[in-house]
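Order of the sequence lines sets the chain letters (A, B, ...), proteins ahead of strands, with each chain counted from 1. Keep in mind it's a predicted model, so treat the numbers as computed, not measured.
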Amino acid sequence: MDLTALANEQKDLAKLVRKYDDPSYTSPIVTGVDVAYAKDIAAGCAVVSNNYTNEIIDSSVIIKEIESDYIHGFFQLREGPIIIELIRSLEMQGIILVDGNGILHPRRFGLASYLGIKMDVQTIGVAKKLMLGEMGPGTGDSAEIIQDREVLGKVLWLNERKPIYVSIGHRITLDTAVKIVSESSVDGYPEVLRRAHKMSKEALNRYKD
DNA sequence: GCGACAG
DNA sequence: ATCTTGTCGC
């Protein structure tokens with residue numbers, strides 16, 4: 001795998017990322033995707049929920065062989081293929097919350113942006129660790145993440161323990177992304193991502209037996 | 001070269 | 001992410 005060429009491709013595709021909301025309308029449907037691993041096996045799960053009624057609408061699990069190790073800055077190689085399959089398996093996906101970054105990335109093209117461009121869907125990056133950038137002045141429960149005078153995302157303190165880092169994936173504004181993540185969160189973390197994480201691990205353990 | 005490093 | 005038991009805290 002030629003990472004230099006892939007890095008250049010990321011820079012090119014980053015120019016196609018749309019940092020605007022889809023025309024006048026934001027879907028109440030949110031989807032969380034996550035993947036668990038054991039040896040050379042990956043188990044991925046997608047959970048679809050309605051942000052207003054809070055009910056689970058759909059879910060999907062896929063198990064397949066790992067295609068790549070984790071390479072910092074190239075998370076798409078590891079989780080891209082299985083998540084694309086997951087998204088395809090859903091009848092309706094709404095806005096997709098991804099366990100990782102969107103434009104909060106060295107080349108402004110993290111996994112969430114990759115999936116957004118590749119599948120032409122609305123995506124939001126939700127990371128548990130800060131990948132890069134400095135924190136701007138905080139408002140109490142949030143602060144901008146900045147690098148080279150460019151706002152790349154926001155850190156949210158939705159609980160007392162641990163912040164999360166939100167960034168634009170594709171076809172959304174940062175403000176809307178923050179709003180959706182906040183609304184879908186329970187105890188500081190999006191419930192669809194929590195459920196997808198749990199279900200992918202459960203599926204993996206079932207498979208191993 | 002060294003260390004840090006989304007998951 | 002994963003390897004892993006008991007244990008501290010809400």
Note: A:Arg78-A:Glu67 ion pair, threshold 4.0 Å (strictly below): no

Sugar-phosphate only, base, or nothing, as touched by A:Ala36 at under 4.0 Å among non-hydrogen atoms: sugar-phosphate

Carboxylate-amine/guanidinium proximity below 4.0 Å for A:Glu85 and A:Arg88: no

Short side-chain donor-acceptor distance under 3.5 Å, A:Ser182 and A:Ser185: no

Spacing of A:Lys198 atom NZ relative to C:dA1 atom P, expressed in whole Å: 16 Å

Beyond-backbone contact of A:Ile41 with A:Tyr207, side-chain heavy atoms, under 4.5 angstrom: yes

Protein proximity profile, nucleotides 2-7 of chain B - base contact B, sugar-phosphate-only contact S, no contact -, cut-off 4.0 Å on heavy atoms: ---BBB

Distance test, side-chain N/O of A:Lys201 to OP1/OP2 of C:dT2, below 4.0 Å: yes

Minimum heavy-atom distance A:Ala143-A:Pro137, with the two atoms named: CB-O, 4.0 Å

Working for side-chain contact (heavy atoms from CB on, under 4.5 Å), residues A:Asn8 and A:Leu6: CA-CA 5 Å; A:Asn8 285 325; A:Leu6 187 53; over 6 Å; no

A:Thr176 and A:Asp21: side chain donor to acceptor below 3.5 Å: yes

Letter per nucleotide, 5' to 3', of nucleotides 5-10 of chain C [B base touched, S only sugar-phosphate touched, - untouched; heavy atoms, 4.0 Å]: ------

Interatomic distance where OH belongs to A:Tyr207 and P belongs to C:dT2 [whole Å]: 16 Å

Modelled atom types, side-chain donor and acceptor of A:Arg18 and A:Gln122, under 3.5 Å: no

